[in-house]
Amino acid sequence: MTSEAFFTLTFYLGVFAFSVFLARLYENSIKKGQLEGVLTRSLARLLVISPSVLLIGLRSIDVGYDTVGLVNLLFSQRIPLDILLETQHDPFSIIVSWVLYFVLDGNTVAYFSILSCATLYILLLGIEEWKGEISIAYSLSVYYLYFALIGMDQVKQMLALSILFLAIGKLFHGGKRSFFVLTTVAGFFHFTAFFGYLLALFKIKAGRHRLLEVLFVVAVLALTIGSDALFGALAQVFGAGAYSEYFVGRFYQQAQAADRTGFRFLLDVVPCILPLILLRYVPSESRRFLLVTLLLVMPFRALGYQSDFLYRLYYEPAVFILLAYPMVYESLPRRKKGLFLAASIVILLAYYYLAYSTSHGVVPYHLAF
């Protein structure tokens with residue numbers, strides 16, 4: 001890791017830490033009944049996320065691998081809207097970007113600030129669906145260490161991921177209709193979010209289907225080792241049209257020609273597996289959901305060895321570490337909480353520095369002006 005990468009990531013970390021501090025104050029104010037009313041609560045949420053929104057929104061377009069491409073493709077009017085809708089996937093991202101281009105007169109700072117604000121605000125709504133079960137500040141800190149900097153690169157998917165996270169929260173708390181509506185919306189912002197329908201199948205009732213759990217674990221391990229079988233199944237459904245490059249085009253060819261060591265696979269997977277060790281302390285229905293979703297991280301991440309960028313499918317199950325870490329912490333006996341918190345901080349910080357020092361194009365950081 002270069003000194004530039006270390007200092008840049010530490011600067012980001014300081015911004016995120018301030019946001020987490022505000023989240024802690026926000027959480028305490030809610031418990032004391034000091035933030036009553038929709039408008040007051042909404043303004044408080046905006047204050048919590050504002051440091052991170054400014055960090056991500058004020059960046060230059062040369063920060064993040066996909067930023068320039070996103071601007072040129074969706075926020076420049078270089079390609080007519082009807083052509084984009086016909087040849088590209090993610091129609092809601094296309095339409096929203098097209099509308100914002102006219103409203104904002106092509107101002108990229110305002111564009112990325114709005115998208116970042118929407119992503120983090122919806123994420124915070126999703127965390128609040130679990131109020132009383134998890135710590136808002138703890139959950140947000142996990143997001144910042146594992147996912148937030150991806151929002152400087154894969155903007156559309158992070159927005160879709162936040163919507164999906166909110167959708168699952170609705171599903172667990174009696175909002176089945178809201179789940180299907182939100183998951184559909186998320187999928188139209190980024191196609192990977194449609195896999196949320198698959199995750200919903202694993203909302204297993206407590207005390208049942210033990211055999212299915214065992215079979216599922218075996219299947220996950222088999223698909224991780226033989227990811228080509230999972231790749232083939234997905235190719236049958238998505239291998240034509242706008243998605244073809246992932247299955248027969250340049251992304252597939254790049255992955256087949258690459259010489260991979262497996263280090264990045266371990267780096268991405270270990271933080272998602274750690275909470276599984278102590279899931280037995282989590283309430284049963286949530287435990288089974290977290291078990292199957294976090295195990296799915298492995299085969300979906302392994303898809304990156306079959307085709308570049310298909311590894312992004314693992315973000316969908318991985319986002320539920322935002323529930324797993326704080327749920328495990330809240331459920332542990334007091335004597336074990338300190339050890340788990342220390343272990344989680346060490347592992348997530350190690351991931352943060354190792355992963356982002358060389359990926360997603362977030363180093364160095366430049367302001368847009």
Side-chain angles (χ1 to χ4, degrees), residues 49 52-53 56-57 64-67 69-71 73-75 84-85 88-100 111-129 139-140 142-144 146-172 175 178-201 234 237-238 241-243 245-246 251 268 272 293 296-297 300-301 303-304 309-323 360:
I49 64 175
S52 303
V53 169
I56 298 172
Y65 290 145
D66 287 355
T67 307
L70 180 65
V71 170
L73 183 64
L74 301 186
F75 197 69
L84 283 173
L85 290 172
Q88 301 293 318
H89 42 73
D90 311 328
F92 283 6
S93 293
I94 294 170
I95 294 170
V96 167
S97 297
W98 186 82
V99 171
L100 287 177
Y111 173 60
F112 286 118
S113 295
I114 288 172
L115 293 182
S116 174
C117 185
T119 299
L120 292 172
Y121 190 91
I122 294 169
L123 179 82
L124 197 52
L125 288 177
I127 293 172
E128 288 185 37
E129 283 292 316
S139 183
L140 189 61
V142 174
Y143 178 84
Y144 281 146
Y146 198 90
F147 286 105
L149 292 183
I150 302 176
M152 291 190 183
D153 178 20
Q154 295 156 24
V155 178
K156 297 185 299 177
Q157 188 169 3
M158 288 301 102
L159 176 56
L161 197 65
S162 290
I163 300 172
L164 176 62
F165 186 75
L166 174 60
I168 292 292
K170 294 290 185 183
L171 178 65
F172 265 81
S178 296
F179 163 77
F180 286 106
V181 171
L182 287 169
T183 301
T184 302
V185 170
F188 282 126
F189 271 106
H190 196 276
F191 76 96
T192 55
F194 283 125
F195 283 87
Y197 293 127
L198 173 65
L199 301 182
L201 297 177
L234 291 173
V237 181
F238 301 104
Y243 307 104
E245 282 198 340
Y246 295 99
F251 298 139
D268 291 337
C272 302
T293 51
L296 278 173
V297 166
F300 281 172
R301 179 60 185 82
L303 284 172
F309 300 113
L310 268 187
Y311 76 90
R312 294 179 183 180
L313 289 174
Y314 99 89
Y315 295 160
E316 270 59 38
V319 74
F320 295 103
I321 62 173
L322 275 63
L323 299 180
H360 296 289

Spacing of I163 atom CD1 and H190 atom NE2 [to the nearest 0.5 Å]: 12.0 Å
Plane angle bin for Y315 and Y311 - parallel if under 30°, tilted between 30 and 60°, otherwise perpendicular: perpendicular
I168 and T293: CA distance, side-chain angles, deciding distance, side chain to side chain contact (heavy atoms under 4.5 Å, CB included) verdict: CA-CA 12 Å; I168 292 292; T293 51; over 6 Å; no
L322 and F147: CA distance, side-chain angles, deciding distance, side chain to side chain contact (heavy atoms under 4.5 Å, CB included) verdict: CA-CA 10 Å; L322 275 63; F147 286 105; 4.0 Å; yes
Side-chain touch Q88/L73, heavy atoms, less than 4.5 angstrom: yes
Residues Y144 and S52: side-chain donor-acceptor under 3.5 angstrom: yes
Heavy-atom pair of closest approach, residues L164 and A186: N-CB, 4.0 Å
For the student: nearest non-hydrogen atoms of D90 and F189, plus distance: CB-O, 3.2 Å
Donor-acceptor pair, side chain of S139 and main chain of L323, under 3.5 angstrom: no
Within-4.5 Å side-chain heavy-atom neighbours: L85 and I95: yes
Sub-4.5 Å side-chain heavy-atom contact between Y111 and V155: no
Minimum side-chain heavy-atom gap T183-L171 below 4.5 Å: no
Inter-residue atom distance F191.CZ - R312.CZ, 0.5 Å rounding: 8.5 Å
Between OG1 on residue T192 and CZ on residue F300, distance to nearest 0.5 Å: 10.0 Å
Non-hydrogen side-chain atoms of K156 and L74 separated by less than 4.5 Å: yes
Aromatic ring pairing F188/F92, orientation class (parallel under 30°, perpendicular over 60°, tilted between): tilted
L120 side chain reached by Y143 side chain, heavy atoms, under 4.5 Å: yes
Side chains of M158 and M152 in contact at under 4.5 Å (non-hydrogen atoms): no
Nearest non-hydrogen partners of L84 and I94, listed with the distance: O-CD1, 3.6 Å
Any residue meeting salt bridge (charged side-chain N to carboxylate O under 4.0 Å, His left out) with E129, in chain and number order, not counting sequence neighbours: K170
Any side-chain heavy-atom pair of F112 and T67 under 4.5 Å: yes
Least distance between heavy atoms, I127 atom then F165 atom: N-CE2, 3.6 Å
Pairwise distance OH(Y121) to CG(L166) - rounded to 0.5 angstrom: 11.0 Å
Nearest non-hydrogen partners of A148 and I56, listed with the distance: O-CD1, 4.1 Å
Parallel, tilted or perpendicular: ring planes of Y197 versus F180, cut at 30 and 60 degrees: parallel
Point-to-point distance, once rounded to the nearest 0.5 Å, from CG of L124 to OG1 of T119: 12.5 Å
Minimum heavy-atom distance between C272 and Y146, given as atom pair plus value: SG-OH, 3.7 Å
Value rounded to 0.5 Å, distance of CD1 in I150 from NE2 in H360: 4.5 Å
